[in-house]
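Quick notes on the structure that follows.
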Amino acid sequence: MLTVRAPATSANLGSGFDVFGVALDRPADVVRVETADEISIEVTGVGSQYIPEDPDKNTVGAVAEALDAPARIEIDKGVRPASGLGSSAASAAAAAVGLNELYDRGHSREELVPIAAKGEAVVSGDAHDDNVAPSIMGGFTIATDDGVTKVDADIPLVACLPDIVVSTRDARRVVPESARVDQLVETVGWAATLTTGMHRDDPDLVGEGMNDTVVTPARAELIDGYSQVRDAALDAGATGVTISGAGPTVIAACEDGDRRAVGTAMIDQFNAVGVEARVYQTEIGDGATLF
Ligand code: HSE
């Protein structure tokens, strides 16, 4: 039996919709795999009651199919489903890394990204790599149709998860079908600024690059208190704030010493609109780890 820990991730980062992602130091899913005649899945942990164990409906079932790797698969969820923290991607990433090793398939980490993304498609209806790439490879990743570029970056982050459920399918439905050229121009500027900030480990540049006037404002409507939480985090020292993935988690970049104040401000504002929330004081971390 092999055990793999794969981290939560935060996709988009504002200006990088469906392209940018970061591995978070915590939380994480832990997946155990052992050879078997057919695929079976058992799910425990946070939100496990909402996750189907039928291999045709579970994200890791599609991964096992793609790798032609029948196995008994145990998933211990540390990443809450429908949180915006790449919950299904973490399970898919862990399964891809574990089954690749168990069956000696010989795929590189980058080659495992589109395989794990097949699992994502099962739950979101759309195969995108921006969560599975950092969960498999770690760091800050730029995932495009041409492959994945990874940057090892050190940026303090605060992820605030409110007690609200937003499904990825719903959050993708509200994405505008088109954007204006002036929005394209500003998005290119922010994405370039964010990428430079990752290379320089500079929270100010990363925070500036977390802006977005296209997708985030449409999705903010799905998250009670989003604008108050964003304003409070910025007042408490965050250098940038946006929706993590499809939401409802709100993610902030900041200087190391400001994490606690930023986290407290975010929780207080969610509480002020009657929503319970929890905070992960985290940072950019490693990809899936085999034990
Ligand atoms: N980029 C995706 C989205 C991540 O924002 O919809 C969620 O799977």
Side-chain angles (χ1 to χ4, degrees), residues 6-24 27 29 47 50-51 57-60 62-63 77 79-96 113-137 140-145 147-149 157 159-162 164-179 183 187 190-191 194-195 209-223 226 230 240-251 284:
T9 49
S10 183
N12 303 331
L13 300 173
S15 56
F17 178 64
D18 275 359
V19 174
F20 290 166
V22 283
L24 302 180
D29 279 5
Y50 303 113
I51 300 175
K57 296 186 180 139
N58 188 297
T59 176
V60 308
V63 175
K77 297 294 301 173
V79 188
R80 196 198 85 179
S83 61
L85 291 171
S87 178
S88 57
S91 297
V113 169
I115 293 170
K118 288 185 199 295
E120 272 283 86
V122 172
V123 290
S124 73
D126 200 0
H128 39 268
D129 298 350
D130 55 350
N131 283 113
V132 288
S135 194
I136 289 176
M137 298 171 68
F140 164 62
T141 54
I142 302 168
T144 70
D145 290 345
V148 181
T149 304
L157 298 167
C160 184
L161 169 59
I164 299 171
V165 173
V166 175
S167 86
T168 302
R169 280 177 201 269
D170 290 344
R172 291 189 82 79
R173 242 177 246 133
V174 302
V175 173
E177 284 180 9
S178 59
Q183 291 175 309
T187 303
W190 286 324
L194 186 143
T195 304
M210 286 165 76
N211 273 302
D212 166 42
T213 57
V214 180
V215 178
T216 311
R219 288 181 162 179
E221 305 293 320
L222 304 175
I223 303 170
Y226 174 75
R230 182 173 188 272
V241 183
T242 191
I243 297 171
S244 178
T249 291
V250 180
I251 188 149
I284 299 178

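Atoms within a ligand are numbered from 1 in the order they appear, just like the ligands themselves. On a predicted model such as this, the values are computed, not experimentally measured, just so you know. Heavy-atom basis, side chains included; hydrogens, waters and symmetry copies ignored.
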>> Taking a cutoff of less than 4.0 Å between a non-hydrogen atom of the residue and any ligand atom, is Gly245 in contact with ligand 1?
In response: yes
> In terms of atom number and element, which parts of ligand 1 are under 4.0 angstrom from non-hydrogen atoms of Asn12?
Replying inline: 1 (N), 3 (C), 5 (O)
>> Using a 4.0 Å cutoff against the non-hydrogen atoms of Asn131, which atoms of ligand 1 qualify?
In response: 4 (C), 7 (C), 8 (O)
>> Side chains of Ser10 and Ser244 only: does a donor on one sit below 3.5 Å from an acceptor on the other?
In response: yes
>> Salt bridge or not between Asp129 and Lys118? Use side-chain N to carboxylate O under 4.0 Å.
In response: no
> Going by atom types only, do Asp212 and Ser15 share a side-chain donor-acceptor pair under 3.5 Å?
Replying inline: no
>> Please check: side-chain N/O of Asn12 versus main-chain N/O of Asp18, any donor-acceptor pairing under 3.5 Å?
In response: yes
> Is Arg172 close to ligand 1, meaning an N/O of one under 3.5 Å from an N/O of the other?
Replying inline: yes
> Counting heavy atoms only, which part of Arg219 comes closer than 4.0 Å to ligand 1: side chain, backbone, both or neither?
Replying inline: side chain
>> Under 4.0 Å from a heavy atom of Asp18: which atoms of ligand 1 are those, numbered in the order shown and with their elements?
In response: 1 (N), 2 (C), 3 (C)
>> Less than 4.5 Å apart, side chain to side chain, heavy atoms only: is that true for Phe17 and Thr216?
In response: no
